[in-house]
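Predicted model only: the values in this text are computed from it and were never measured. The chains referred to below are lettered A, B, ... by the order of the sequence lines, with proteins before strands, and numbering in each begins at 1.
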Number of protein chains: 2
Amino acid sequence: METHQLFHTIHQLSRELAKQANHTLQPFGLYTAQWSVLFVLKEKGKMTQTELCDYLAVEAPPMTRTIQRLMKQGYVKQVKGEDRRVKIIEMTEQSKAIYPEWEAAILQMNDRLLTGVPDEQREHMKQLLSSCLMNVKENAQKGKLHE
Amino acid sequence: METHQLFHTIHQLSRELAKQANHTLQPFGLYTAQWSVLFVLKEKGKMTQTELCDYLAVEAPPMTRTIQRLMKQGYVKQVKGEDRRVKIIEMTEQSKAIYPEWEAAILQMNDRLLTGVPDEQREHMKQLLSSCLMNVKENAQKGKLHE
DNA sequence: CTACTTTAATTACCTAGGTAACTAATTTAT
DNA sequence: ATAAATTAGTTACCTAGGTAATTAAAGTAG
């Protein structure tokens, strides 16, 4: 089977979704990377930067940058942990207050973009993609071990 | 249904695949963006930059940059068309000669990454994602029309 | 207790891709 | 035929995310 096309479609879909999300968030002065951090913090409460990186599967340097921007905007604050290397990140009262607006806009966008895709199919895609992602990560590691 | 997760998985999978592809191409001094152009040129023959942009669904500015890099490496050359605005891009003899090596490396990687994913499932995913992409693009346009 | 190693985060620099503004060539309209 | 609008490509600048090298704090030998 022609895997080029499959990978290209994934890449294209990913970019298109990011573009739409950025467009949706623009009126709020937010970008997708910022939003993803705020979303996780709302869901999970305070977290260290490393925990955020692990959860979002992003390397540390971009995370540092995203958090610094969120701090500058006043949407997030850093608290020093017992371990003085660690920086614990949590939402400010301000961002907790505005959060529902952001979420509503994103949910509305998600709904609009997936109009016509039945719920079963969304679930099915999620399952397929998740298992594919795990597979890719495993086989990537195998590739490295053979070096 | 929770669309956040679906979109996040797509994004993550896309990044993971790009990372792997870059790793595979590194020994050849190529990056994914370059490879995607070379792949299309091999498949379709000479094309204008706009045609390349349309085919790969990429905006013009990044394409300009990618092509300039490929020219600097001697893998691609520009020919002026009848319409003197247009730049027709084609592979050089050199890159045609090396191409099979690049392709072999990529095909091997694709195969390795999808080990354990049956062929039917790959095809199924491609179908699902393609239809989802079309859907998203249509609904994105509708969003714009409502402004 | 000291020396080595690991870990959290940052800094610097790279590629990818998007938007806005611009130039130059070609169409289209008047 | 000339003016206006469109089109191809470029330039400048932005965000996203990755790697390598660095710093500072903890942990782990010896």
Side-chain angles (χ1 to χ4, degrees), chain A residues 7-8 10-26 28-37 47-73 78-89 140 144, chain B residues 7-8 10-26 28-37 47-73 78-89 140 144:
Chain A
F7 290 175
H8 181 242
I10 292 169
H11 188 219
Q12 213 180 318
L13 185 51
S14 170
R15 279 186 297 137
E16 187 63 37
L17 291 173
K19 209 196 295 186
Q20 292 301 318
N22 277 325
H23 191 260
T24 299
L25 291 168
Q26 191 182 332
F28 305 103
L30 286 176
Y31 287 89
T32 54
Q34 270 117 304
W35 162 249
S36 70
V37 168
M47 291 174 91
T48 68
Q49 290 194 200
T50 300
E51 285 169 340
L52 278 168
C53 288
D54 290 347
Y55 196 85
L56 292 172
V58 160
E59 299 299 323
M63 184 55 75
T64 294
R65 186 182 53 204
T66 300
I67 286 170
Q68 283 173 350
R69 286 179 190 167
L70 283 170
M71 288 204 306
K72 195 170 283 176
Q73 289 172 293
Q78 279 180 345
V79 181
K80 280 179 189 161
E82 292 251 324
D83 185 332
R84 279 182 306 181
R85 290 170 302 183
V86 161
K87 294 182 177 172
I88 297 167
I89 312 298
K144 281 197 172 177
Chain B
F7 289 175
H8 181 241
I10 292 168
H11 188 220
Q12 214 179 316
L13 185 52
S14 170
R15 280 186 298 136
E16 187 63 36
L17 291 172
K19 209 197 293 187
Q20 292 300 318
N22 277 325
H23 191 260
T24 299
L25 291 168
Q26 192 181 331
F28 305 105
L30 286 176
Y31 287 89
T32 53
Q34 271 116 305
W35 163 250
S36 70
V37 168
M47 293 174 87
T48 68
Q49 292 195 197
T50 300
E51 285 169 340
L52 279 168
C53 287
D54 290 347
Y55 196 86
L56 292 172
V58 160
E59 299 299 322
M63 184 57 74
T64 295
R65 188 182 52 205
T66 300
I67 285 170
Q68 282 173 351
R69 285 179 191 166
L70 283 169
M71 288 205 305
K72 195 171 284 178
Q73 290 172 293
Q78 279 181 345
V79 180
K80 279 179 190 161
E82 292 251 324
D83 184 333
R84 278 182 307 181
R85 290 170 302 180
V86 162
K87 294 183 178 173
I88 298 167
I89 312 299
K144 282 197 173 178

Discussion item. With side chain to side chain contact (heavy atoms under 4.5 Å, CB included) as the criterion, how do A/Leu52 and A/Met47 come out once you've worked through the C-alpha distance, each side chain's angles and the decisive distance to 0.1 Å?
Written reply: CA-CA 6 Å; A/Leu52 278 168; A/Met47 291 174 91; 3.8 Å; yes
Where do N or O atoms of nucleotides 20-24 of chain D meet protein N or O atoms at under 3.5 Å, pair by pair?
none

* To do: Give a yes or no on whether B/Tyr55 atom OH has more than 12 heavy-atom contacts from other residues, nucleotides or ligands under 6.0 Å away.
  =>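 Counting neighbours around OH of B/Tyr55, 12 or fewer heavy atoms of other residues, nucleotides or ligands fall under 6.0 Å, so no.
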Using a 3.5 Å distance criterion without hydrogens, assess whether the side chain of B/Ser14 forms a donor-acceptor pair with backbone atoms of B/Ile10.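 Side chain of B/Ser14 to backbone of B/Ile10: no pair is present.
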Are the side chain of A/Gln78 and the backbone of A/Gln68 linked by a donor-acceptor contact shorter than 3.5 Å?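 Not confirmed, A/Gln78 side chain does not pair with A/Gln68 backbone.
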Report task. Let me know, please, whether A/Glu16 or A/Thr50 comes out on the 5' side of the other along DNA chain C by nearest nucleotide. Result ->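 Nearer the 5' end of the strand: A/Thr50.
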Integer-rounded Å distance: [N] [atom2] and [X] [atom1]:
X       : N      : atom1 : atom2 : result
A/Met71 : C/dA9  : CE    : P     : 12 Å
A/Gln73 : D/dT15 : CD    : C1'   : 13 Å
B/Glu82 : D/dT7  : CD    : C1'   : 17 Å
A/His23 : D/dT15 : NE2   : C1'   : 16 Å
A/Tyr31 : D/dA16 : OH    : P     : 8 Å
A/Ile10 : C/dA16 : CD1   : P     : 19 Å
B/Arg69 : C/dG17 : CZ    : C1'   : 11 Å
A/Ile67 : C/dT11 : CD1   : C1'   : 16 Å

**Request:** Pick base, sugar-phosphate or nothing for B/Glu59, based on heavy-atom distances below 4.0 Å to the nucleic acid.
**Result:**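 Base contact - B/Glu59 has a heavy atom under 4.0 Å of at least one base atom.
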Quiz item: Touch check for A/Ala60, heavy atoms < 4.0 angstrom, all strands: base, sugar-phosphate only, or nothing?
Solution: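 Base: the residue A/Ala60, judged by heavy atoms under 4.0 Å, touches a nucleobase.
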Mind listing the closest non-hydrogen atom pair of B/Ile88 and B/Gly81 along with its distance?
->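 Of all heavy-atom pairs spanning B/Ile88 and B/Gly81, the closest is CD1-CA, 3.9 Å.
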Considering all heavy atoms, the nearest B/Leu25-B/Trp35 contact
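Nearest pair, atom of B/Leu25 first, then B/Trp35: CD1-CB, 3.6 Å.
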Nearest-neighbour nucleotide for the A/Gln78 side chain, C/dA16, D/dT11, C/dT10 considered:
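Ranking C/dA16, D/dT11, C/dT10 by closest atom to the A/Gln78 side chain puts C/dT10 first.
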For [N], does either OP1 or OP2 sit under 4.0 Å from a side-chain N or O belonging to [X]?
X       : N      : result
A/Gln26 : D/dT15 : no
A/Lys80 : D/dA25 : no
A/Arg65 : C/dT10 : no
B/His11 : D/dG17 : yes
B/Arg15 : D/dA16 : no
A/Lys19 : D/dT15 : no
B/Thr64 : D/dT10 : yes
A/Gln12 : C/dG17 : no

Side chain to side chain contact (heavy atoms under 4.5 Å, CB included) for A/Val86 and A/Lys80? Distances and angles first, verdict last.
CA-CA 6 Å; A/Val86 161; A/Lys80 280 179 189 161; over 6 Å; no
Q.
Pick the closest DNA chain D nucleotide for A/Thr66 and for B/Gln68 by heavy atoms, then say which residue is nearer the 5' end.
A.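 Of the two residues, B/Gln68 wins.
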Original post:
Are side-chain N/O atoms of B/Glu16 and B/Gln20 paired as donor and acceptor at under 3.5 Å?
Top reply: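 Indeed, the side chains of B/Glu16 and B/Gln20 share at least one donor-acceptor pair under 3.5 Å.
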